[in-house]
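Data block below; observations after.
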Amino acid sequence: VQLQAFGGGLVQAGGSLRLSCAASRMIFSFDPMGWYRQAPGKQRELVAVSTGASDITYADSVKGRFTISRDNVKRTVWLQMNSLKSKDTAVYYCYLRFGSVYWGQGTLVTVSS
C-alpha cells in the first residue's frame, strides 16, 4: 500500500492549509486512516484519525481548529487546518492501518509567527 500526501507549505500564523492523502488501494470505513506529525526534536504524535464517519479522534491541541474528512471511494483523507499556530510546525504523515501500518512520505507544514 502506498500513501501519497500533498498540501504542505509555509503559512502565517492564523492561516489555513489543507492536506490530502491518497491511498493506492481501496479503503473501507473501518480502516483507521488519518494524520500524525513530528516536530523537530520531538516524537511523532497523533493529530487526527478517522475510523468511519462518527469515530474520529483528535489531539487535544488541534480540537476545534483541525477537521479530518475522508472519501472511501476516492481513497482519500483530508486534514483541514485552520487557525494555525507556530507550534503546529511539523512534518505531517498520512497513516493507514490495514493489517499493518502504512505511512506516507510526509509533508512539511511551516507556520511563521
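We number each residue from 1, following the sequence as shown. All values derive from a computational prediction rather than experimental measurement.
- Of the possible donor and acceptor atoms, one in the side chain of Arg65 sits under 3.5 Å from a partner among the backbone N and O of Ser83.
- In this structure, the ring of Tyr36 has its center less than 6.0 angstrom from the ring center of Tyr95.
- Among all heavy-atom pairs drawn from Ala5 and Gln105, the shortest one is O-NE2, 3.0 Å.
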Checking side chain to side chain contact (heavy atoms under 4.5 Å, CB included) for the pair Tyr102/Arg97: CA distance, chi angles, key distance, verdict?
-> CA-CA 6 Å; Tyr102 299 91; Arg97 181 156 56 89; over 6 Å; no
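- Of the inter-residue distances, the one linking Met81 atom CE with Leu17 atom CG reads 4.5 Å to the nearest 0.5 angstrom.
- Taking each heavy atom of Ser113 and Ala13 in turn, the nearest pair found is CA-CB, 4.2 Å.
- In this structure, the separation between OG1 on Thr67 and CG on Asn82 is 6.5 Å, given to the nearest 0.5 Å.
- Between Asp31 and Arg75 there is no salt bridge, since no side-chain nitrogen of the basic residue lies less than 4.0 Å from a carboxylate oxygen of the acidic one.
- When the side chains of ILVMFWY residues are joined at heavy-atom separations under 4.5 Å, either directly or via intervening members, Val91 and Val11 end up in two distinct hydrophobic clusters.
- For the residue pair Gln80 and Ser16, the shortest heavy atom distance occurs at NE2-CB, 3.9 Å.
- Follow the hydrophobic side-chain contacts under 4.5 Å out from Val111 and you never reach Phe6; the two are in separate clusters.
- Under the salt bridge (charged side-chain N to carboxylate O under 4.0 Å, His left out) criterion, no residue pair touches residues 7-22, with sequence neighbours excluded.
- Cluster annotation: Leu46 is connected to Trp103 through the hydrophobic network of ILVMFWY side chains, with a link wherever side-chain heavy atoms come within less than 4.5 Å.
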Under the salt bridge (charged side-chain N to carboxylate O under 4.0 Å, His left out) criterion, do Lys85 and Asp88 qualify, and how do the steps go?
-> CA-CA 5 Å; Lys85 305 175 181 180; Asp88 295 317; over 6 Å; no
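- Between the CH2 atom of Trp35 and the CZ atom of Phe66 there is a distance of 11.5 Å, given to the nearest 0.5 Å.
- With respect to Met33, the side-chain contact (heavy atoms from CB on, under 4.5 Å) criterion is satisfied by exactly one of Leu3, Asn72, Val49: Leu3.
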Does the side chain to side chain contact (heavy atoms under 4.5 Å, CB included) test come out yes or no for Val109 and Thr89, once each step is laid out?
-> CA-CA 5 Å; Val109 172; Thr89 295; 5.9 Å; no
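- Side chain of Thr110 to backbone of Leu10: no donor-acceptor contact under 3.5 angstrom is found.
- Taking all atoms of both residues into account, the shortest heavy-atom contact from Val77 to Ser69 is CG2-O, 3.2 Å.
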Could you give me the CA-CA distance, side-chain angles and deciding distance for Trp78 and Asp71, then say whether side chain to side chain contact (heavy atoms under 4.5 Å, CB included) is met?
-> CA-CA 9 Å; Trp78 296 272; Asp71 185 322; 3.7 Å; yes
Steps toward side chain to side chain contact (heavy atoms under 4.5 Å, CB included) verdict (Val1, Leu96) = CA-CA 9 Å; Val1 179; Leu96 170 66; 3.7 Å; yes
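- Panel note: side chain Tyr58, backbone Ile68; a donor-acceptor pair is recorded below 3.5 Å.
- Between the side chain of Arg37 and the main chain of Glu45, no donor-acceptor pair closer than 3.5 Å is present.
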